[in-house]
2 protein chains.
Amino acid sequence: MNIQPLLNYISKIVALTDEEITFLTSQVASRKYLKGQYILQQGDINKSVCFVVSGCTKMFYVDTDGQEHILMFAVEDWWSSDLGSFISQTPSDFNVQCIEDTECIVFSYNNMEETYAKIPKLERLFRKTIEKAFVASQKRIVRNFSMSAKERYLIFKDSYPEIEQRIPQYMVASYLGITKEFLSKIKSQIAFQ
Amino acid sequence: MNIQPLLNYISKIVALTDEEITFLTSQVASRKYLKGQYILQQGDINKSVCFVVSGCTKMFYVDTDGQEHILMFAVEDWWSSDLGSFISQTPSDFNVQCIEDTECIVFSYNNMEETYAKIPKLERLFRKTIEKAFVASQKRIVRNFSMSAKERYLIFKDSYPEIEQRIPQYMVASYLGITKEFLSKIKSQIAFQ
DNA sequence: AAATGATGTTAATGTAGATTAACATTTTTA
DNA sequence: TAAAAATGTTAATCTACATTAACATCATTT
């Protein structure tokens, strides 16, 4: 199993010994999904945290009216999971679905305690990763409160130009919390200045 | 210095030895603020993470139109900080202000690495705390996208009845992302069913 | 106890973005 | 290569919530 992409990612944050790498390798698994496949479904208990090696996923919530609300995308070198369901082992509020053929490296809930115990550096890595995710999430709340949809779209485009290229526009709209029709209007406004 | 409230909080999540408690005590400080005082101001670098022992704080963002947007309140046993500024030691986007006389126990940035190194259990505690905060933040994003202001108000009221009692209504409105006038309307609607 | 400031309410009017619906374009499949 | 499915656009109409403004109530200070 090739976990090199994960090791490269980790090495940017903490340095593992050969022994730790060997142990880590024994604790994770590689998984491949086709475009359209679900990694997690609303209501199921999330048993795993995925590191995306290639491809792209979306995490979304389907509300009582059947409307889909995208919370995040994950591409190469990102983490993709419903952390809430994972940490409390309760039914998930979210779906995680592949929007391209996707390859992941997977940590499973049962191994997690042992992995943290044997490699405390990984606990540090996850602490830092989640700190950043939390900060980004707070900033998104602020933007949703204080900025217009147009401003939010421009920031998204600017922050994630690669992602905007590879996903359909109606998913960008969903991520921004607006309808595809309104995003279409915004884009035509921008085109004419 | 009385750090008992912090120790009680910690003991619910991880068990510290006497030695660890002694060390921890040497690393934190107690601080008192009056109602209205700022613990952190937008633009300043956040040097500390506060555990609230008594009182209440609000963290908020002032946008370019001078409008205030409240991200969170913190009461007894909660953490109150701009984590983004803290972890990256960059100017803060947020203000933290006391809305009651408030007493905190403070971890400072300079001690943090050492504290984690000496008491890895605290790194575990913070990982878990931030995981929960992140999950709550994601759920808030979903609610803001998929629910009406009235629904969000009812959930807030239900989730934090104590907080709703002790803060002015216009701050609840700001937290919900609506105007005080509209919250007033919602409340009168609810009163007549 | 009056005055000041902070907080809350009501109502008229305005607007960002939703909804609906019809159609255009692109991609995928048979 | 035609048909079907997925994606994107345009325009009319609607609505949740913002804005403004005037006033009411409560708390704090002098």
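Just so it is clear: chains get the letters A, B, ... in the order the sequence lines come, proteins before strands, and each one is counted from 1.
Taking only side-chain nitrogens and oxygens, Thr179(B) comes nearer than 4.0 Å to OP1 or OP2 of dA18(D). Close to dA16(C), at under 4.0 Å from its OP1 or OP2, lies no side-chain N or O of Arg152(A).
Residues satisfying the side-chain hydrogen bond (donor to acceptor under 3.5 Å, both in side chains) test with Tyr33(B), not counting sequence neighbours, are Arg31(B). Residues passing the side-chain contact (heavy atoms from CB on, under 4.5 Å) test with Thr90(B), sequence neighbours excluded: Ser88(B). Gln37(A) is linked by a side-chain hydrogen bond (donor to acceptor under 3.5 Å, both in side chains) to nothing, counting only residues two or more places apart in sequence or in another chain. In this structure, Lys157(A) has no side-chain hydrogen bond (donor to acceptor under 3.5 Å, both in side chains) partners at least two apart in sequence or on a different chain.
Rounding to whole angstrom units, CZ of residue Phe145(A) and P of dA18(D) are separated by 10 Å. Protein atom CE of Met147(A) is 16 Å distant from nucleotide atom C1' of dG17(C), rounded to whole Å. The separation between Glu100(A) atom CD and dT28(C) atom P is 12 Å, rounded to whole Å.
A rotation axis mapping the C1' atoms of four pairs onto the next four is fitted at both ends of the helix from dA1(C)-dT30(D) to dA30(C)-dT1(D) over five pairs, and the angle between these axes is 40° to 10 degrees.
A side chain to side chain donor-acceptor pair (under 3.5 Å) check over residues 140-149 of chain A, counting only residues at least two apart or in different chains, returns the pairs Ser148(A)-Glu151(A). Listed by first and then second residue, the salt bridge (charged side-chain N to carboxylate O under 4.0 Å, His left out) pairs involving residues 171-190 of chain A are Glu164(A)-Lys187(A) (not counting sequence neighbours). Identified under the side chain to side chain donor-acceptor pair (under 3.5 Å) test for residues 97-108 of chain B, with sequence neighbours left out: Glu100(B)-Arg166(B). Within the structure, salt bridge (charged side-chain N to carboxylate O under 4.0 Å, His left out) contacts touching residues 52-64 of chain A (residues at least two apart or in different chains) are Lys58(A)-Glu68(A).
If you check residues 56-71 of chain A against DNA chain C, you find no residue with a heavy atom closer than 4.0 Å.
Tyr160(B) is listed as a side-chain neighbour of Glu162(B), based on a closest heavy-atom distance under 4.5 Å.
Its side chain within the 4.5 Å cluster rule, Ile155(B) clusters with Met147(B) among the Ile, Leu, Val, Met, Phe, Trp and Tyr residues.
Below 30°, between 30° and 60°, or above 60°: for Phe94(B) and Tyr61(B) the angle between ring planes is above 60°, a perpendicular geometry.
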Worksheet item: When every nucleotide of nucleotides 4-14 of chain C is labelled 5' to 3' by its protein contacts under 4.0 Å (heavy atoms), B for base, S for sugar-phosphate only, - for none, what sequence of letters results?
Response: ---SSBB----
